[in-house]
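Quantities reported herein were computed from a predicted structural model and do not represent experimental measurements. Per chain, numbering begins at 1; letters A, B, ... match sequence-line order.
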Amino acid sequence: MADMPIKEVMTNLVVMLYPNESIHEASQRLARNGVSGAPVVEKGKVIGIVSESDVIRALMAPAEGRHSSSIADIFAFAAGMTGSQSGKTVADVMSDAVTTISPEESVWRAAAIMERKRIKRLPVVDTDGYLIGIVSRADIVKAMARDDKELERDVQAAIVVLGEDTIEDLSVSVDDGVAMIAGLADRRSTRDLAEKLASRTPGVVRVINQIEFEFDDRDIKTIRKENDPKDPSRDWHPTDVIHGIAR
Amino acid sequence: MQVRELHPRSVVTVESTDVIRIAVEELVREEVGAVAVFGAHGIAGILSERDIVRAVADRVDIDETTVDEYMTQTAVTIKPDEGVHEAMAIMSEFGCRHLLVEEEGGICGMISVRDIVAILGQEPD
């Protein structure tokens, strides 16, 4: 999964900020779009990047002629009033050393760059430097998660370990991490084992077990235990077992 | 403004011995940026998107590697009656994006830097 190209995991519709926008406007747009940062664009090219931490730093920074910012600044800012920081523009707070990445690079490469530079997102640019998308930490995390279809295959593979035809007409479907397994098993213990294997598959949250069984072998185990051949006092009645199997 | 007014979201948890894959699935399903990690003696740390990106960067097998190998061992907490400004100061001091909200010895929620920015960006009344 880490070898997937960036273009398959990046977000295409990028929230863009413009250098002359006020921070107030910018933070509103970040919040409204549910993103925590965005590239600053001029004529289609990336000239900077603004993150939540840049906005917060701008607010925490002492205003000119003052020694500390106060909560009043934040309220003033949030209320759109003339707080000591509210005159700032995106260009004032953005980081202008932007690292970009090509859409053909791998997810792994993006992760390595983010980690080394301690950044949360990389604008994706074409060979001419024009912005075509953005890849964030969240996109990388999503790329590493398996979707339901992949989980279905994993659960299927986990259960098949029991043997190809141990469960007749085995069907597996996964919906939001909840795996539903169905089919016909020879014994109850096989059915229980299949459930255990399914629930151990990473990514499966819960298993709904609809596998039917031909006979309940839990009682047989008890009979055999009671009739331990090593036990001299055993009272072995083969017919009991036959009854057990025949229900 | 107090931390409680940010309406801390409920905490998503994983076990420290879970493989990273489990945490990845939780982050994606619950749409959170970090999960609290429980160890044998309560909260053992926090595993965030950033820690997962670090694991990907290291090219480890996330189906084999456990959460405790990549989690951030300090889970920073805040009380619900503390100020949002205090939360911002703590986040910048510790360089973290998530704080666990602690009340009467228990963890009752989590706030992230995003919750704070959302407040800052609210429409003027």
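- Note: A:Leu151 CG to B:Glu25 CD = 5.5 Å, rounded to the nearest 0.5 Å.
- Contacts between residues 50-59 of chain B and chain A, counted as heavy-atom pairs separated by less than 4.5 Å, involve B:Arg50, B:Ile52, B:Val53, B:Arg54, B:Val56, B:Ala57, B:Arg59.
- Under the salt bridge (Lys or Arg N to Asp or Glu O under 4.0 Å) criterion, A:Asp192 pairs with A:Arg188, not counting sequence neighbours.
- Of all the listed residues (B:Val24, B:Ile22, B:Asp18), the one sharing the greatest number of non-hydrogen pairs under 4.5 Å with chain A is B:Val24.
- Surrounding NZ of B:Lys79 are at most 12 heavy atoms belonging to other residues, nucleotides or ligands under 6.0 Å away.
- More than 12 heavy atoms of other residues, nucleotides or ligands sit less than 6.0 Å from atom CD of B:Gln2.
- For A:Arg109, no part lies under 4.5 angstrom from a heavy atom of chain B.
- Counting heavy-atom pairs closer than 4.5 Å to chain B, the top residue among A:Arg116, A:Arg118, A:Glu115, A:Lys120 is A:Glu115.
- Proximity to chain B is absent for every atom of A:Val204, based on heavy atoms less than 4.5 angstrom apart.
- In this structure, CG in A:Asp154 is found 8.0 Å from CG in B:Asp63, a value given to the nearest 0.5 Å.
- Counting only residues at least two apart or on different chains, the salt bridge (charged side-chain N to carboxylate O under 4.0 Å, His left out) pairs with a member in residues 13-28 of chain A are A:Glu21-A:Arg29.
- Counting all heavy atoms, side chain and backbone alike, B:Glu49 lies closest to A:Ala138 at OE2-CB, 3.3 Å.
- Residues of residues 26-39 of chain B that come closer than 4.5 Å to chain A, counting heavy atoms only, are B:Leu27, B:Val28, B:Arg29, ordered by residue number.
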